[in-house]
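What follows is a set of notes on a single structure, which appears directly below.
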Amino acid sequence: MMEPDAAAVRVLVVEDNDFIRELVVTMLREIGFRDIAQARDGHDALSQIETADPGLIICDISMQPMDGLEFVETLRQHSWPHAAEVPVIFLTSHTEAPIVKRAFKLGVEAYVVKPVQKKQLEVRVMTTLERALARRP
Amino acid sequence: MTWARRHRVALTVMMGLGLIGLFAVTQTGIAILAIARFDASFKQIADTNLPALISASRLSELSQTIVATAPEIALADTQMRRQAMTDQVNEHAASLARIADQIERATADREQVGEMRRRLATLIANLKGLDELVRRRIEADEAFGTVVSRLPALATRVRGVAELAVAAGPGREASSDPALPEADRAQLIGWSAAGLESITLMLATPAARSTSRIDYAKADLVALVARMDAARQQAMPAARAKIDAMHQDIALFGLGAAGIFEARRAQIEAGAAIQTALRLIENNSREFVASVSAILSTTHREIADRSAYFNRTVSSFYLLIVGTSLLCVAAGAAIFFYVRRAVIFRLTGLQRYMQAQVEGQAATVSIAGEDEIAEMARAAQFFVTTIEERERSTRAILEGSPIGVMISGRDGRLVFSNARWRELARVADDQVADLDPRAFYRTDADRQRVARLFHEQGRLRDCEIEVRALDGTPLWLLLTMEPFVFRSQPATLSWFYDYTERRRMDDELRLAKEAAEAATQAKSTFLATMSHEIRTPMNGVLGMLELLQETALDTEQRELADVVRDSASSLLKIIDDILDFSKIEAGKLEIERVPMSPLALVEGVADALAPNAQKKKLQLTTFVDSSVPPMVEGDPVRLRQILFNLIGNAIKFTERGEIAVRLSADAAGPDGMMLRMLVRDTGIGLSPESRAQLFQPFVQADGSTTRRFGGTGLGLSICRGLVERMGGDIGVDSIPGEGSTFWFTIAVAPSTAPVPEEPDLSGLRVLLIEDSRTVREVLATYLAAKGVHVEIADTAEAGLDLLRRLTASSITINAIVIDLTLPGMDAFAFHHALDAQPDLTAPPLILLTAYDEAGQRGRAPEMGFTAYLTKPIRQATLFRVLANASGRGEPAPEAAGPEPDTAEIVPPSREAALASGNLVLVAEDNPTGQMVIQRQLARIGYAADLAEDGRMALECYRAAPYGLVITDVHMPEMDGLELTAAIRDIEHGEGRLPVPIIALSADVRSGETERYLAAGMDDCLRKPVALAQLRDVLARWLPRGAILSVPTPGEASSPAARAEILDLERMREIFGTIDGNAITMLRRYIESTAPLLVEIGRAIAARRAEDAGNAVHSAKGASLSAGADELAALLAELETATKAKAWDAAQAAHVQVEPAFRRVQEAVMRLGAEPATTGVR
């Protein structure tokens, strides 16, 4: 089983609050990621998705004007080759069942509860990457 | 004389050897003598004769030298030379004299020596003479020389006179000498002529070679001198004066003693004498040498004599030595022949005799004679006889032995057997001869086995083997075989022990042992199975009951449920008792050894049973003596069991009064100590007969108690079993009607586990107001041990008095501990009374209440009591409360007050749980069990998937990432252990993080936990599982799961009251420590949040709900992440209000936001200014 190599994966962080976005980026760096792209909201993320070509997306659920779920929905239809399968992790303050169900349907398997804790983020991210690696043909 | 005869051989040999020795010694003596003589003579020659010879030759040499040198003296022309030569010669002469001395010493012949000496003296004298002569001659030479040298000058002067005279003749002008007459002149001329003639004569002297000539010359001169004289006489004095000197000179030169003629004469004479002397010296020398030679020849003769002497001596000695050698050889030969005859032949005969004995042949030996050999022969014969006898007796022993002995020769044939062997083999004496013992083996395989073992090991010991006797009877034998030498042939010695009977008994024993073991095994299996089988449905019953009790029930239902629960609990207890009892009986009870606190244990049990005691209004106190260490190693579970039993019994059988539990320790040794526990009650007591039977199983004090109190009667017997297993003893003392004291002792080991700290109470002064003597004693002892001064009163009134007196003596009381229920004035009244007396300063009041006085307890704080303690009193609680009350303590974390309310928890959905990694997988095959565990999990807030057996569970595990797995151990198809192994395999193979696996087991066998852990599981739950247990285990292994549980609204705590302005833990979690990066981050937070707050303000003012809501939400998230909890809480309130469009509330909340943010800002700035606080990673 291949251990996901953090240094080799590019992550895209989509978060509208500057501070939280920077915090998450810092944490990701501490975890070992070297290549981190940032987007201020869903539109921004979609516009750079092809050039950014991330291996993992971390995205806040509650953003304006396009919230996290809308973003992922749109993303899954995108023409970018990895659009349908790129792993996504949500950041969220609450765990309302309907939101989680929708997220699940969209192939979002994991989420991290805010306030973000580094350990939790690490575990979630690593497990998600492992599963993604395992699924690859 | 017999002695001599008996030792004849020895004596003879000794004599012969002695003789040889004698000859040898003689030879040696002779040799020594010869050498001594030789030595003496040789010394003689070496020391004297030889030196003499050497000296002589030396002498001769020297003589020659002297002779050669002597002429040199004669040749010397100066005294100095002469002296030098003489000295040289004298030296030689001196050497000669020395050598002569040496020779004199070497010779005995005095005459010859004298002769030599004389000649030497002569020689020396002559040498001296020569020297003298030469001296004279040289003198003469010198004198002659002197004169001769002066003659020419004189001649000239004389001639001068003549010339003068002539000159002064006529025709002379003025001369120097005017007054010289003619006559004078003629005289002068005549004188001068004579003078010249004299001189000429003198000058011719050297030609004179003989003294006669000199005489002639001298005579001539005399005539001349006379003429001269005459002339002189005739001359005038004036003229005379001129020539006087010359005249005298001439006279002197010629005629004087030192004159030339005499000098010449001396020369001539001396020369002749010298020649003579030289010849003489030569002669002397020869004579001297001759005399020395004479001496030498004497010496030669001496030497020759000695040589001849040597030769003689040597020859004679030579002969002697040869002679004695021959004698020795002869003697030796003689001895040899004697010894050969007298000793060797006979010894050989003896040896042959012995040899024959060894070979078993008959032989004889001659024992005639009396000497040593004969003795030996007799001894040998005796020896042989003795051996024969011994052999006979050995044989007799063997024959009589109960063990069969058999000796077989190299070819396997029997060479010896004893009676027993023949008996065992069923062989008659006459059948022995042709017997092949190998026929007795049952099978060829047996025979080969024995042969192989014997060959490998070199011997055979106690080999069990079945054989057949000659008549076919089967026999079991213990066979021992040893290699042996029999009659000097290799053989095998075999011992046969009849084993048949023993073997039969062994077989029987073995069967019995196997049966017993099987029975024990069956018992164990029964215990395990029963335990499992019973516990599984009990788990269902109790689990469901617990859950049922947690639901909303009406009063009647609750009563029914309680009763059922109690019954089920009792049933479980009974089952446990039975199982324990069986275990003890089977000896299968294991006692653990873990660190435990005896104090906590005893107080814990008392706490648990306090309600029961309280129900019957019994006072329950515990006391732990200071001799008991805070931590020991023992089995807390079993200890608790015993205490529960004893204290429970005490409560059960006591109607009024109190129950006192007391724990002390006996003397401690290095291996541990004995703890002693007492449970004293004021119950009905026991009669001696009951006491005797009490600890027997199934016996109660009397049959009626069973009916009244229930129980199996096993409790005490189990206690005894446990106590005995713990190395102690148990017993009871009782007075019927007054009460009983149950006691037991157990052995514990010292523990090095750390001991919690206790507050320092030394020097405090406490007033204790308590009516129960037991409680007073307990508290006073505990406090005194901590250095507290305790004042005691047994009523509130007495307490007041005491307090007044103490205050009057200026003694300060730090705290008052007062029981709630006192006879007369109670605690509250006491407190009132205190208040009413302002001159008494009231120290902090601590209330002592019994367990159940909840209602009263609630009044305590209002009534001004600082704290309260519930009975039974915990030592640690007492100290802590007192410490706090008197200002010595640290504020304790939330004390163990009422349990936190279990809020109504809604478990998360499966998807939610799965997404956040908190989904639980349960593998359980029992339907009831499934229901129970699922509901329990839901109750405490976890979502779970269910699998009916291990196989299904494995499938589930493969399909989804579970946060925790709970699996029953015993399941069909694939059990819990196999499942664990499979899961761990997958994890290992795929590199997945290991999931916690919890075992669910009904098995109470010790060692099972270890088995589960070894199989890869992480923890274990024992059925029946209580909610609290499940909660604890899940909290331990799946902590994050608890986050998901959403408490239902209505229970929202108000965090704002407790929230921090800036909780640095957030940043520390990320950065490890509040370093530059962290501060930068916090500054970023301030920078990015400030504009958000501005937007919020605007949006609220403009009533833009959505915008406001978004901004608030964003700011709230950021604040939480940064640790600005106070601000986050305010923003949360604001969010709610905004969502609900409650603008006034929103406004109100917003007003507080600004200052809160400023506070955060300031906190961040302060951080930047201060040096970074060190965080802990």
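Naming convention: chains lettered A, B, ... in sequence-line order (proteins, then strands); numbering from 1 in each chain.
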Handout entry: Heavy-atom proximity to chain A below 4.5 Å, by part of B/A1115
Key = backbone

Practice task
Have a look at B/S1121 and tell me which of A/L91, A/N17, A/L23, A/V24 forms a side chain to side chain contact (heavy atoms under 4.5 Å, CB included) with it.
Solution key: A/L23

Practice task
Enter the distance from A/T26:OG1 to B/M1081:CE here, rounded to the nearest 0.5 Å.
Solution key: 4.0 Å

Exercise for the section: Against chain A, label B/L1092 side chain, backbone, both or neither, depending on which of its atoms sit under 4.5 Å from a heavy atom there. Expected result: side chain

Handout entry: A/I20 CD1 to B/S1114 OG distance, which is reported to the nearest 0.5 Å
Key = 6.0 Å

Practice task
State the CZ-CD distance between B/F1071 and A/E30, to the nearest 0.5 angstrom.
Solution key: 6.5 Å

Exercise for the section: Would you give the length of the straight line joining atom CG of B/L1082 to atom CZ of A/F19, rounded to the nearest 0.5 angstrom? Expected result: 6.0 Å

Handout entry: Region of B/E1087 that comes under 4.5 Å of a non-hydrogen atom in chain A
Key = neither

Exercise for the section: Using a cut-off of 6.0 Å, state whether more than 12 heavy atoms not belonging to B/R935 lie near its atom CZ. Expected result: no

Exercise for the section: For chain B, find its close neighbours in residues 71-82 of chain A: heavy-atom separation under 4.5 Å, sorted by number, or none. Expected result: none

Fill in the blank from the handout: Interatomic distance, CZ@A/R21 vs OG@B/S1088, rounded to 0.5 Å, equals 9.0 Å

Handout entry: Pairwise distance CZ(B/R1066) to NZ(A/K118) - rounded to 0.5 angstrom
Key = 14.5 Å

